[in-house]
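Encoded as structure tokens, the structure appears first; notes follow it.
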Amino acid sequence: MAPRYPPPLVTGVSPKEGPPGTRITIRGENFGNDPRDLIGLKICGMDCHLSAEWKSSSKIIARTGPGRGMGDVIPITRYGGKGSCTVGFRGYFLHIGPLQEYAVWVDESQTVQSNLDRGRPATAMAAKEEEDPLGILDEGDKPKLREEELLEMFPEASGNMSLENFSPGWYLLEHHRNASFSDLKAGLSYMKRKASTRSEGPITFVRSNLTTILDCLDSLTAMYEKYSEEDIRGDCMNSYAVLLMQAKSCADGLFQEVLGRKDKADSTRNALSVIQKFRFLFHLPLNIQRNIQKGDYNMVINDYEKAKSLFAETEIKIFRKVYREVERRIAGFRNMLHKRLKDTHNTLDEQKKLIRYLVSLEYKGDPAWECLDNQQNWLVELLDDCKDDHIEEEKNGMQSDHQTSTPGGPQWKPVNRVNKSPIKSGIKRESSFSSLSSSDQQAVWRFRTPQKVLFIEDITEIMLQNFPDFWRLGQSYFTREKSDKGVKIDTSKHSKMKQMMTEVVSLFSNYVRAAFLPESLEGMPEAEREKFGIWPKSSKQEHISGNSLPSCVRSIRNCANFLSSLDTHGDSMIVLKDLAFDMRTNCMFTLLKQAISDVKCLHTKETWVVETDDQSGGTTQLPALFENIVNEAIQHLHEVVVMNKPSEPEIFSQRPIQKEATVLCSQLLQAFSICMEQLVFSPPLQKKETKQVKVVIGQEVELEQHGDPIPSLDKRLIIMLSNCRHTLEVVVPRIIENLTKHGYVEMEKALKAAQDTYGALDQRLFSSYIEQKSDPILGAMEPNLYRGGFSWHTWQGQNQGVRNYLKEIIMSLIEVHSEVFSISPKFVMRVMQKITEAVCEELCRLVQCVTDFNAGGAIQARLELEALHITVRIYSSNHVEACFKEAFDVIPELSEEGKLMVAGLLEQFKARMRIQLWCFQSEDEPVPLKMATNDDSNC
Amino acid sequence: MSKAKAQQPAVIHKVIMVGSGGVGKSALTLQFMYDEFIEDYEPTKADSYRKKVVLDGEEVQIDILDTAGQEDYAAIRDNYFRSGEGFLCVFSIKEQESFQATQDFREQILRVKNDENIPFLLVGNMADLAEQRQVSEDEALKRAQEWKVNYVETSAKTRANVDKVFYDLMREIRSRKMEASRQSNGKQKKKRDTKKMKCVVL
């Protein structure tokens, strides 16, 4: 809370009265400590805060408002509140006569205008009334008497001093009704004194009533003329004429002095101005020199113009001499300006200024055109230098790259230059990603901004900075000529200008093409082609530029858009637009191709670590990596492909491009299948893989790598099978969706092709896996069956139950089951069905081959078939059932006793193999809670 | 001209500063009122000041009318003079003309007030610039005696005798007023009043 200050108090005003607008100094105390403390000021009830100027806590300066009469001066402060005053201010309105000097502006619209309307005498009256003849200021608060009352008291009289029936009584009552007797007495003495001191002669009187007297004179003259016209003669007329003549000569006498003075003053002024003129000329050479040094060129030109108009035609020798000197200096000045115009580092405004100077100095020739020409040459030179420099750099870079793999040349820009924009850093991340697949040296390469990227940045910057200026200069050249009526528009120059612009733009475009799209320049003659620079070719180089291409494309597009915003209908801009379009297409293709090759290299990144989740089953990271690469490529291309700036053609609007894009997309999708197949059938060498991982990820992964070598073929098969399925079902649709979203067309075709590819791969992998698995089982079956000289027709060991070979088969099946389950539970049914089918078929075939069963053999065969049948029940198919049926048919009918025995032995088998049999139960069936007490199933 | 303020019921003594232009009337006034010395010269038209002071233990208000010295405003002086109760007639001791002008002022005042004994003080200002003195003290004293008034030399710059001239004048005014009231109320305490007048010392 701010401390409460005492309210402000005004104890002095200077002056204490005045008309509105009087500058008043207000003194007192507690006006606050700061100008902001003063929050209000009222003088005679009028708010004057706006004009108030806080000087100190005891002084404020303000201008009074239109308050009338005696009033208070009240400041209001922030902490002291509303103040009070011991003195007051009296505001009054002045009637300023039209001839009166006055310090402040007076609104004359009411006083003067109306007076003029009423006639001039009123002015004199008003002036007279201004002054109170008694010198008494009216300070009465009582209301004045109304005119009617006065008229009643003084009939036929008037308060107007200028009238004949003036009555002093009326006047005093009207004006000084409240004055005391002593005041009136003093007023009388004042009036007497005034009258006695009035020394004004007739001249003063005439002066103060000049207009009236002139009016009189005019009307008298008019009267005289009228009389003369009517030919009235007589003494009266003669004396009238004489009187008029006298009046005139008297008036002449009165004002002769003044008029004579005026004549003298005029002639003196003339002489002075002539001297001034001469001095100007004689000083001119020096002044020109000085102003040129100061850089005040406008001044020089003005002076020169002036001198030219004054002295160019002069005959006087000395002037001519000086004027020649002036001309000489101006010529020097002209040359200097011209030289400066040639200097290409000027800004556009400077150039325009220089041109304007030269034009106004009547420079021979066309300075603006020269400047344009000059600019164009300079621009071409700049572009040329930029290209040469960068090609040189590139060559150096490549050379030193061949010599040593470590970068460090001073000409290489630091890496962080690339990190300017988020997208660029994105590229870098991606490039470090893909360096998994490349050699050390290449990784080093990638960390440096490619020369071509630097080139494109520099060259677009040159264009953006300088071309608009050039263009604008050209524009103003023509508009200036248009605005100049004297000079007709030179149409040949118009087209020349266009040609010049086109030249620059196509040069720029060709330089860029030489760097990025060399094939588009193939058609050119050798000599011309060489002019645009031949960039050293390198396979690596191509790869790198792919990574930074989007940023290059961005630069070019920005440039094209910006420049075409200058001149939208110019021919030269078509060149640029084509360039931008070609760059986009090229970028898209390059990136897609690169993605394809990246995907093809993916097989080197397989770690064989299977991660299982509920939806996709077990997969390795490979499908995810694949999806990443594709999505990243799409992301990078997003800007290039999808975002169309106004006035840019749709990238897919051209049929060949569209087709090729589709082909590339589907290639990209299919590339992964090749990679997977390669992984399964010809996995990379263990050693190499370890090394690469070490390069990129580091120690941690390397250890893991040691503990997890490449698995065996069947394991690989099943893993890839799972990957393939996952890719087909999840990844590919997702990618297609993404692609479609980004505007790629005809993705259905690509999807179809991808589905076919992955389906085929799936089939291939599956069949080879089944082959892998079932071959050993089936091969071992027959020998095991007939081991120990077993023969169906001599078999006697009825009570032995199910023999070991069958148990072995079951164990093998369990083994397969577990393997598949560990990778992907989804495949269990599919794989097991296939394998059980093969096994059952084989067993049935074996049984069918038997021609002769004895009773024991029949029991045994039935028992074993039955056992297998129960075991694989959930995987059985029609085909399997048919096989079993055929097999059962071959076996001779059993006796009752035999049937019982089979049933008994079967129960025994079930009980013993309980745990193993669980494996063949579907998940829905209730699992027996009893634990096996004796496990004699040793295989 | 001046309105009595309801919140300021004390007695008001109306003092008028007269003298030629540039002799330091405003400087004396501002020095007395606000203890400040104004170096810049700006001709006054008519300024009004009023503040509470303690005069011999009694709280009174002094109302100072600072008038224009310039001849341009001579015409309006009569009006102002009429309301004055006491006059400080100021001249500059380094300007003989200003001293001569005091004669005219004196005459005008007497004419307007029509009172030979109007409270009046002849003030020679700029006493700090004694080396430029043009008006000798004797000369001034002689004139003061002629007029039967007191003469004081002041310096608005150093504040020498500034309070004195105002207080002395107020005392004169007070005694004049008392005399007047006694004349109307009977003739008591005349002696004391005359004594009071004698308090006025050079």
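All values below were derived from every heavy atom in this structure, side-chain atoms included, with hydrogens, water molecules and symmetry-related copies excluded.
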Hey, is CD on B:Glu116 packed in by over 12 heavy atoms from elsewhere, all under 6.0 Å?
-> no
Only counting residues at least two apart or in another chain, list the ones meeting side chain to side chain donor-acceptor pair (under 3.5 Å) with A:Asp34.
-> A:Arg36
Just by distance, do the side chain of A:Thr11 and the backbone of B:Lys51 share a donor-acceptor pair under 3.5 Å?
-> no
For A:Val87 and B:Tyr49, which heavy atoms make the closest approach, and how far apart are they?
-> CG1-C, 3.5 Å
Atom CD of B:Glu42: over 12 foreign heavy atoms under 6.0 Å = no
For B:Lys177, check salt bridge (charged side-chain N to carboxylate O under 4.0 Å, His left out) against everything at least two apart and list the hits.
-> B:Glu85
For residues 27-37 of chain B against chain A, heavy atoms under 4.5 Å, the residues are B:Leu30, B:Met33, B:Tyr34, B:Glu36
Which pairs count as ring-ring contact (aromatic ring centres under 6.0 Å, His included) when at least one residue sits in residues 13-68 of chain A, sequence neighbours excluded?
-> none
Trace of the side-chain contact (heavy atoms from CB on, under 4.5 Å) decision for B:Lys52 with A:Thr86 = CA-CA 9 Å; B:Lys52 257 187 259 179; A:Thr86 60; over 6 Å; no
Kindly indicate whether the side chain of B:Ser48, heavy atoms from C-beta on, has any atom under 4.5 Å from the side chain of A:Phe89.
-> no
